[in-house]
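Each ligand, and each atom within it, is numbered from 1 in the order the structure gives.
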Amino acid sequence: MAFIEASSPHTMNTYGRLPIALSHGQGVRVWDVNGREYLDALAGIAVNTLGHNHPKLVPALQDQVAKIIHSCNYYHVPNQERLAAKLAELSGMTNAFFCCTGLEANEGALKLARKYGHDKGITRPEIVVYENAFHGRSIATLSATGNTKVQQGFGPLVEGFIRVPLNDIEALKKATEGNPNVVAVFFETIQGEGGINPMRVDYLQQVRQLCDARDWLLMIDEVQCGMGRTGKWFAHQWAGIRPDVMPLAKGLGSGVPVGAIVAGPKAANIFQPGNHGTTFGGNPLAMRAGVETIRIMEEDGLLENAANVGGHLKAALASELGGLPGVKEIRGQGLMIGIELDRPCNVLTTRACEAGLLISVTADSVIRLLPPLIMNRAEADEVVERLVPLVKKFLAE
Ligand SMILES: Cc1ncc(COP(=O)(O)O)c(C=O)c1O
């Protein structure tokens with residue numbers, strides 16, 4: 001079958017797509033409809049935790065599909081309780097609400113923060129957000145996002161956000177000084193779309209202390225950097241802190257759409273019946289995917305693998321590219337790696353695809369690698385072999 005039509009007349013024109021369509025995958029490899037093979041160093045943007053056609057996940061999902069796919073939240077869904085309990089165990093938090101996407105989890109977190117304020121008598125609650133943040137594309141989450149390109153054309157934006165720079169505790173204190181309406185601080189531990197920008201460990205600890213001192217909610221968006229990607233279940237755990245609210249999605253269902261708002265004691269009882277809900281959220285198929293993804297990650301030691309293979313991959317990239325003129329920084333943790341160049345390099349996505357490698361470029365000049373957490377060292381070496389010559393050639397142009 002010949003693919004690809006140059007344009008898609010019936011789907012909305014929202015994506016600049018590469019001219020391939022993927023038909024199937026195995027492990028960290030995928031094939032397009034013309035039979036061409038690619039090494040997957042993107043995992044559907046940090047989604048395919050277990051890679052493709054995982055021998056333990058696929059039979060579990062097949063079993064679930066044959067039993068019941070969807071029931072709805074009028075009834076109990078036993079795996080909701082199982083997945084919530086597991087997320088509580090892994091995070092040290094207590095309760096979860098399930099939805100389908102990252103923006104939906106974030107939207108719910110923003111509602112939680114506002115209601116937290118209202119319950120305390122704050123009728124115009126304000127939430128601290130960050131430069132270069134990305135939280136989604138609903139009206140509220142795009143307002144929280146720190147990228148004017150995402151916001152352009154969709155005003156008026158939702159009010160009640162205070163924006164601060166990353167890793168600057170004094171700036172945070174100054175921006176909120178004497179403001180009794182602040183209810184929460186909201187950020188990604190490692191900004192994904194913003195260019196793989198980590199919050200420093202000492203900053204995370206300082207913000208936690210400040211939130212405690214001021215009675216604010218600490219809300220950490222782990223949609224992209226969470227679920228084992230950095231080598232811990234959640235990236236903020238590297239700083240030994242615990243948020244009050246943690247939106248999750250992407251890797252949680254290894255490809256089946258699942259999102260969650262995980263909450264600790266300070267936020268777990270804010271929503272009461274009628275305050276929040278969603279038809280598909282926590283449905284039996286999605287919950288089975290979440291339960292099995294975590295079970296398989298534990299059985300197969302994928303946190304350790306993400307840390308080991310990620311460290312190996314970053315070191316190999318640093319030895320090949322570090323210090324080259326045009327390479328500003330190679331950063332990230334585990335299998336969330338960014339290579340920042342000194343110029344826009346979006347064209348590398350297409351060139352990598354032509355060379356049989358799936359990657360992305362974000363924030364215009366950051367090559368982003370988010371491979372499945374099952375990737376081994378030999379496969380990571382292959383990523384380096386395919387990527388490095390492309391980057392060197394590009395920088396020499
Ligand atoms: C940190 C973060 N939050 C939220 C989102 C939005 O998730 P979704 O696309 O599932 O709505 C993304 C997506 O890239 C993200 O990276």
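Remark: ligand 1 atoms within the under-4.0 Å shell around heavy atoms of Lys250 are 12 (C), 13 (C), 14 (O), 16 (O). Each of the following atoms of ligand 1 lies closer than 4.0 Å to a heavy atom of His135: 3 (N), 4 (C). Taking every heavy atom of Val223 and a limit of under 4.0 angstrom, the matching atoms of ligand 1 come to 2 (C), 3 (N), 4 (C), 5 (C), 12 (C), 15 (C). Interface atoms of ligand 1 facing Glu188, defined by a heavy-atom separation under 4.0 Å, are 1 (C). Using a 4.0 Å cut-off to heavy atoms of Glu193, the atoms of ligand 1 that qualify are 14 (O).
Of the charged side-chain nitrogens involved, at least one lies within less than 4.0 Å of a carboxylate oxygen, so that Asp364 and Lys149 count as a salt-bridged pair. In summary, Glu177 and Lys174 do not engage in a salt bridge, as defined by a charged side-chain N under 4.0 Å from a carboxylate O. A salt bridge is absent between Glu320 and Lys314; no separation between the charged side-chain nitrogens and carboxylate oxygens falls under 4.0 Å.
The protein heavy atom nearest to atom 16 (O) of ligand 1 is Gln224 NE2, 2.7 Å. With hydrogens left out, the protein atom closest to atom 6 (C) of ligand 1 is Leu103 N, 3.6 Å, a heavy atom. At the top of the distance list for atom 7 (O) of ligand 1, counting protein heavy atoms only, stands Gly102 CA, 3.3 Å.
At a 3.5 angstrom cut-off on N or O pairs, Asp221 counts as close to ligand 1.
Side chains of Gln191 and Asn132: a donor-acceptor N/O pair is absent below 3.5 angstrom, by distance only. A donor atom on one side chain and an acceptor atom on the other are not found under 3.5 Å apart for His54 and Asn48. If you check the side chains of Thr145 and Gln151, you find no donor sitting under 3.5 Å from an acceptor. Judged by distance alone, the side chains of Thr141 and Glu107 never bring a donor and an acceptor atom under 3.5 Å apart.
Neither the backbone nor the side chain of Gln191 has any atom closer than 4.0 Å to an atom of ligand 1 (non-hydrogen atoms only). Contacts between Thr101 and ligand 1, counted as non-hydrogen atom pairs separated by less than 4.0 Å, involve both the backbone and the side chain. At a heavy-atom cutoff of 4.0 Å, ligand 1 is contacted by the side chain of Asn106 but not by its backbone.
Atom 9 (O) of ligand 1 lies below 4.0 Å from none of the non-hydrogen atoms of the protein.
The aromatic rings of Phe187 and Tyr203 lie tilted to each other, with the angle between the two planes from 30° to 60°.
Of the candidates Arg343, Arg351, Lys392, Glu397 forms a salt bridge (charged side-chain N to carboxylate O under 4.0 Å, His left out) with just one, namely Arg351.
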